[in-house]
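One-based numbering along the sequence shown. Any value given below was found using the heavy atoms of this structure, including those in side chains, with hydrogens, waters and symmetry copies removed.
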Amino acid sequence: MLSAKVVGEAHTGLLVERGTLSAAQAATVAAENADRSALYTLRAEKNKTTVAAAALAYYLQRLNDVEKGDWIETYDKASKQWKWKQFPG
């Protein structure tokens, strides 16, 4: 779905809808996000950190695998907010 540009990688470590999803795609995203959330909880416990920190670390790691046109969140220092953009590749 990343390559179809209908979901993006959020800084929360979860997939976020960026286009129209079918019911099956929405269910897949929900299942993936549930798995990721469980993983972040385990990593946080193991590394004695917060779930948010574990999720952000995973997000930063995932940035190594994004392809041109994939939706990602980037931090805008000027506005101090996360913003969506398509990876320039």
Side-chain angles (χ1 to χ4, degrees):
M1 283 182 274
L2 285 171
S3 61
K5 315 304 182 233
V6 294
V7 296
E9 289 283 352
H11 75 278
T12 58
L14 301 177
L15 294 175
V16 174
E17 183 178 337
R18 298 295 305 160
T20 303
L21 300 179
S22 69
Q25 288 173 319
T28 299
V29 169
E32 175 65 19
N33 284 341
D35 288 346
R36 288 183 181 198
S37 293
L39 174 66
Y40 304 150
T41 298
L42 291 172
R43 283 189 177 181
E45 290 171 359
K46 179 181 177 185
N47 296 322
K48 297 182 181 6
T49 189
T50 65
V51 172
L56 182 59
Y58 181 82
Y59 164 78
L60 294 172
Q61 181 181 357
R62 289 282 302 150
L63 291 180
N64 293 321
D65 299 318
V66 296
E67 297 178 2
K68 183 177 182 175
D70 287 352
W71 284 104
I72 58 171
E73 271 191 308
T74 59
Y75 188 72
D76 180 34
K77 291 180 184 178
S79 67
K80 297 182 181 179
Q81 295 181 349
W82 289 91
K83 296 185 178 186
W84 285 100
K85 76 172 194 174
Q86 286 186 286
F87 186 69

Kindly determine whether Tyr75 and Gln81 satisfy side chain to side chain contact (heavy atoms under 4.5 Å, CB included), including the steps that lead there.
CA-CA 6 Å; Tyr75 188 72; Gln81 295 181 349; 5.8 Å; no

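- When the side chains of ILVMFWY residues are joined at heavy-atom separations under 4.5 Å, either directly or via intervening members, Val66 and Leu60 end up in a single hydrophobic cluster.
- When the side chains of ILVMFWY residues are joined at heavy-atom separations under 4.5 Å, either directly or via intervening members, Trp82 and Trp84 end up in two distinct hydrophobic clusters.
- Linking Ile, Leu, Val, Met, Phe, Trp and Tyr residues whenever their side-chain heavy atoms come within less than 4.5 Å places Val6 and Val29 in a single cluster.
- Separating the CE atom in Met1 from the CD atom in Gln25 is a distance of 5.5 Å, to the nearest 0.5 Å.
- Atoms CG and CG, on Leu14 and Asp35 in that order, are 11.0 Å from each other to the nearest 0.5 Å.
- Atom CH2 of Trp71 and atom CG of Leu15 lie 15.0 Å apart (nearest 0.5 Å).
- Taking NZ of Lys83 as the reference point, atom OG1 of Thr74 lies at 8.5 Å (rounded to 0.5 Å).
- Considering all non-hydrogen atoms of both residues, Arg62 and Arg36 come closest at NE-NH2, 4.0 Å.
- Note that the CD atom of Glu32 and the CG atom of Leu39 stand 9.5 Å from one another [nearest 0.5 Å].
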One pair to check against side chain to side chain contact (heavy atoms under 4.5 Å, CB included): Asp70 and Gln86. What are the steps and the verdict?
CA-CA 5 Å; Asp70 287 352; Gln86 286 186 286; over 6 Å; no

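- The hydrophobic clustering, which links ILVMFWY residues whose side-chain heavy atoms are closer than 4.5 Å, places Val16 and Tyr58 apart.
- Between the side chain of Lys5 and the main chain of Ser3, a donor-acceptor pair closer than 3.5 Å is present.
- Heavy atoms only, all atoms of each residue included: Leu2 and Val7 are closest at CD2-O, 3.5 Å.
- Nearest heavy atom pair, residue Tyr40 against residue Ala54, reads O-CB, 3.6 Å.
- A distance-only check finds no donor-acceptor pair linking the side chain of Thr49 to the backbone of Glu45 [under 3.5 Å].
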